[in-house]
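For reference, positions follow the sequence shown, starting with 1.
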Amino acid sequence: MDKPATIKDIARILKVSTSTVSRALRNANDVSRETKNAVQALSEELNYQPNKFALSLQQKQTHTIGVIVPNLDYVLATMVKGIDEVALEAGYTVMVCQSNESFGREIVNTRRLSDSLVDGFIISVSSETKVFDHFKKIQAKKIPMVVFDRVTPDLIAPCVRLDNKDGGFQATEHLIEQGYKRIAILAGPKNLDISNHRLDGYLAALKKYKIKVDPDLIINCDFNQDYAYIATQELLSMKKRPDAIFTISDRMAIGAMLAIKERGLKMPHDIGLVGFNNEPLVNLLSPAISSVDQPAFELGKTAAKLFIEMMHNNEDMAHVEEILKPKLIIRESSQRTHLVKNGRSK
């Protein structure tokens, strides 16, 4: 046959109805064993392949997961790899869309993935997103959704996140123990929980060590190297400049480093610097930048496992929350070695 075989071809040759062939292929109980065997034998002879799209409509499943991320930088790309590994093992295909930190693009991506009949969504919201109606409409249709990394209280859904407060605390406490007194923070957008939680960790460390909070040392800016560069220039122009900076992403840390070097300041002697995410690049710079490491691959795997559990679980999982722990990786940018003994300041 020049064209791919169809159910109609099998039915015509065997002189039975197409519905009988369809039920035989599904191994339905109301079809005789003799007919099933005949249908099976002829379908193999004709190399019949079922229409997967039609089958997915029939079964109301495409075994496809729609993943929406703000970007595909090192950390999020690693998380997506974790999602894909678990999805592949479970027989799912992953469709990935980037919002590029755009609220409008996030809405378009949500609509396009819905039109592609994905079984559900694994999402990380953009930095511009302040209204969540596009996701709530998906949830209203009882379509499974898991939120990961950038979680939000505005969406009641299973979520996977890092303990960002602890990460912020570890970074700030380390700088304090190295003898730094005026520690600034380049926090992210105020509407993102990861920004606020990392800031909470910074504030908790200052409180523990009885260091007064200076609002002028707290700057909110986008996760962007250029914005961080400008913000650091402003900090270093202060009459009483900071002697250390904690940035809540490594991209921001690189921007801060450029501004620090432009001023002729030396790290860690004149000023300390700690980033967040522990991207491979920060270990290649001079000096290498201390950074809070997060288990990105494991976080992605956990998000996918939660999604697949939702697909096969009739129980309400809306309030399930998985929290992974960060770990500070100390390098030259913040380590005043002459102050350190056994990993702690004298």
Verify whether one side chain among [X] and [Y] offers a donor that lies under 3.5 Å from an acceptor in the other.
| X | Y | result |
| --- | --- | --- |
| Q294 | N278 | no |
| S237 | R263 | yes |
| T20 | S17 | yes |
| S291 | D250 | yes |
| S290 | S334 | yes |
| T35 | S32 | yes |
| Q225 | Y229 | no |
| D154 | T152 | yes |

Between [Y] and [X], does any NZ, NE, NH1 or NH2 come within less than 4.0 Å of an OD or OE carboxylate oxygen?
| X | Y | value |
| --- | --- | --- |
| D84 | K81 | no |
| D73 | R251 | yes |
| R150 | E101 | yes |
| D243 | K181 | no |

Worksheet item: With under 30° as parallel and over 60° as perpendicular, where do the rings of Y92 and H63 fit, or are they tilted in between?
Response: tilted
Considering only heavy atoms from C-beta outward, does the side chain of [X] approach that of [Y] to under 4.5 Å?
| X | Y | result |
| --- | --- | --- |
| F148 | I83 | yes |
| M267 | Q335 | no |
| I183 | P242 | no |
| T129 | H134 | yes |
| I185 | I219 | no |
| P158 | V147 | no |
| S114 | F121 | yes |

Worksheet item: Given the side-chain rings of Y180 and H174, with only the six-membered ring counted for Trp, is the space between their centroids under 6.0 Å?
Response: no
Worksheet entry | L113-F132 co-clustered via ILVMFWY side chain contacts under 4.5 Å | yes
Discussion item. If hydrophobic clusters are built by linking Ile, Leu, Val, Met, Phe, Trp and Tyr wherever their side-chain heavy atoms come under 4.5 Å apart, do L265 and L285 end up in the same one?
Written reply: yes
Item to complete: Mind running salt bridge (Lys or Arg N to Asp or Glu O under 4.0 Å) on D149 and R161 for me, showing each step along the way?
Response: CA-CA 5 Å; D149 188 37; R161 66 176 179 85; over 6 Å; no
Ignoring hydrogens and angles, write down the donor-acceptor pairs under 3.5 Å from the side chains of residues 295-309, residues two or more places apart or on other chains.
| from | atom 1 | to | atom 2 | distance (Å) |
| --- | --- | --- | --- | --- |
| T302 | OG1 | E298 | O | 2.8 |

Practice prompt. Can you sort out the partners of D216 under side-chain hydrogen bond (donor to acceptor under 3.5 Å, both in side chains), two or more places apart, ordered by chain and number?
Written response: none
Worksheet entry | With Q40 via side-chain hydrogen bond (donor to acceptor under 3.5 Å, both in side chains) - residues at least two apart | E44
